[in-house]
Amino acid sequence: QDYPAALRDFKHCTSIKKKYTNGYIGEAVTYISMKQFGKAVKAADKALEVEPSSYLAHYNKGLALYDLEQYPAAMNEFDNVLLLRSGYADAYVYKGLINYASGNDKMAVDNFTQAISNSSDNAMAHYNRALARLRMDYKAAACDDLQRAADLGYESATVLLKIHCQKANSVPVKENK
């Protein structure tokens, strides 16, 4: 994970070919990995100048804006992703995270459900839908989601299963294999 070397390589590529969308997207992804979210937004913007219809540029810009807690702008980017690539599960996950952070649990559940309908093995969507359902006091449905997330290998789900879903005198929840 030599991020400075990766950035040098991407910058070298874009200096040779100014309209190299994937080079700018690579920069954005690298900056996100380095937690330099402002620079990630700028790199994604460069990609969008070259190719306005790049769903990956919109997605990575949305990720960076999400991490900057600029939720309305991030939501707009994830909406753009879905206009360009309907059914992109991770865009629905982040829309759900934004709605959850904003206290809009019902909309968050709807977003996570959309993600799951497009990618049934999306552990992050199952886990976060469970969190929203717990906050809405829909414990049985939340426990089902936590079990599915745990079955998919989402470690935090196993902890919450033990806290919220084990019944007295019942069989313990399934452990990850």
Exercise. Would you call K61 and D45 a salt bridge, taking side-chain N to carboxylate O under 4.0 Å as the test?
Worked result: yes
Exercise. Is D144 salt-bridged to R148, cutoff N-O under 4.0 Å?
Worked result: no
Problem set entry | Stepwise side-chain contact (heavy atoms from CB on, under 4.5 Å) test for L131 and D105 | CA-CA 9 Å; L131 295 181; D105 295 333; over 6 Å; no
Do the side chain of [X] and the main chain of [Y] share a donor and acceptor less than 3.5 angstrom apart?
X	Y	result
T113	V109	yes
K95	D79	no
H58	P52	yes
T14	K11	yes
N76	P72	no
R135	Y100	yes

Over all atoms of both residues, closest heavy-atom pair of [X] and [Y]:
X	Y	value
N60	I32	O-CD1, 3.4 Å
A44	A28	N-CB, 4.0 Å
Y24	V50	CE1-CG2, 4.0 Å
Y31	A43	CD1-CB, 4.4 Å
S119	A89	CB-CB, 3.7 Å
L146	A157	O-CB, 3.5 Å

Exercise. How about S120 and N122: does a side-chain donor come under 3.5 Å of a side-chain acceptor?
Worked result: no
Exercise. Between Q147 and D151, does any side-chain donor sit less than 3.5 Å from a side-chain acceptor?
Worked result: yes
Exercise. Hey, do the aromatic rings of Y59 and Y88 have their centres closer than 6.0 Å?
Worked result: yes
Problem set entry | Over-ring placement of R133 relative to F112, 6.0 Å and 45° cut-offs | no
Can you check whether [X] reaches [Y] side chain to side chain, under 4.5 Å on heavy atoms?
X	Y	answer
D121	H126	no
D110	Y92	no
D67	K35	no
Y71	L97	no

Exercise. How long is the gap from OG1 on T30 to CG on L7, to the nearest 0.5 Å?
Worked result: 5.0 Å
Exercise. Roughly how far, to the nearest 0.5 Å, is CD of Q114 from OG of S86?
Worked result: 10.0 Å
[atom1] of [X]: more than 12 outside heavy atoms within 6.0 angstrom?
X	atom1	answer
Y138	OH	no
D137	CG	no
H12	NE2	no

